[in-house]
Amino acid sequence: LLVISRERGQVLSRFDLRPSWRLRVGAATVRDRGCSGCLAGSAEVGSGFAKALGALDLYAGADGTLEWSPRLDGLADTGFRAGIGPGGLARLRLGKRVILLGEARWRWLPDSRPSETFELRAALRLHLAKTISLSLEGRRVPVADEGTLAVQAFY
């Protein structure tokens, strides 16, 4: 398969490796020794490589994060905390309606306490209809193990 882009005159093939990227901005609950339940503003950007192997999708990359909360033990005794580190994701499609997802991330937090953190996450999603899914998720972080059962609606 060969695709030609008219705008740049480039020839692209399925063998071209282009980095994948992600961006997330919002708020998240921090659960580590720096704060065991802070709601913090969060911005995250990352890049890496993804590979599709039939029903299995894999991603590995590096992420940078910036979090802020007045209760967070951060850079130079402020509520800001920066982090950098690797992350990986695996998604397995089990037929047309079921997806199994696993994710692992580790962050080095310079000049903060703690100096590192991690997150392990697993999810099983059942697509009930085109716009509704049922999701069972588990998450492990340094000071908590959490589970969630949710109904998701897409419009």
Within the distance-only criterion (no hydrogens, no angle test), does the side chain of Thr78 pair as donor or acceptor with the backbone N or O of Ala76 below 3.5 angstrom?
no
Does any part of the side chain of Glu116, heavy atoms only, come nearer than 4.5 Å to the side chain of Leu109, both counted from C-beta?
no
Same cluster (ILVMFWY, side-chain, under 4.5 Å), Leu94 and Leu128
yes
Determine whether Trp106 and Glu119 satisfy the following criterion, side-chain contact (heavy atoms from CB on, under 4.5 Å), listing intermediate values before the conclusion.
CA-CA 7 Å; Trp106 177 85; Glu119 179 179 19; over 6 Å; no
Using every non-hydrogen atom in the two residues, find where Ser133 and Phe154 come nearest and quote the distance to one decimal.
OG-CE1, 3.6 Å
Name the residue from Arg105, Arg107, Arg31 that meets the side-chain contact (heavy atoms from CB on, under 4.5 Å) definition with Thr117.
Arg107
For the hydrophobic clusters of this structure (ILVMFWY residues joined by side-chain heavy atoms under 4.5 Å, transitively), does one cluster hold both Leu101 and Leu126?
no
Answer yes or no: are there more than 12 heavy-atom neighbours, outside Arg33 itself, under 6.0 Å from its atom CZ?
no
For the OG atom of Ser42 and the CD atom of Glu67, what is their distance to the nearest 0.5 Å?
5.0 Å
For the CZ atom on Arg139, are there more than 12 heavy atoms of other groups (residues, nucleotides or ligands in this structure) within a distance under 6.0 Å?
yes
Can you confirm whether Leu124 is buried at CG, in the sense that more than 12 heavy atoms of other residues, nucleotides or ligands lie under 6.0 Å from that atom?
yes
Cationic N near anionic O, under 4.0 Å, Arg125 to Glu137:
yes
Residue pairs, two or more places apart or on separate chains, that pass disulfide bond (SG atoms under 2.5 Å apart) and touch residues 40-108
none
Cluster link Leu23 to Trp68, ILVMFWY, side chain under 4.5 Å
no
Taking atom OG of Ser69 and atom CZ of Phe80, what is their separation to the nearest 0.5 Å?
10.5 Å
Closest non-hydrogen atoms of Asp32 and Val143, given as atom of the first, atom of the second and distance, are N-CG2, 3.6 Å
Within the 4.5 Å heavy-atom criterion, are Val151 and Ile132 side-chain neighbours or not?
yes
Going by heavy atoms in the side chains, are Leu72 and Val30 under 4.5 Å from each other?
yes
On a heavy-atom basis, which atom in Arg81 and which in Pro114 lie closest, and how many Å separate them?
NH1-CD, 3.9 Å
So, for Tyr59 and Ser20, which heavy atoms are closest and what is the spacing to 0.1 Å?
CE1-CB, 4.1 Å
Taking atom CZ as the centre, does Arg22 end up with more than 12 heavy-atom neighbours from other residues, nucleotides or ligands that are less than 6.0 angstrom away?
yes
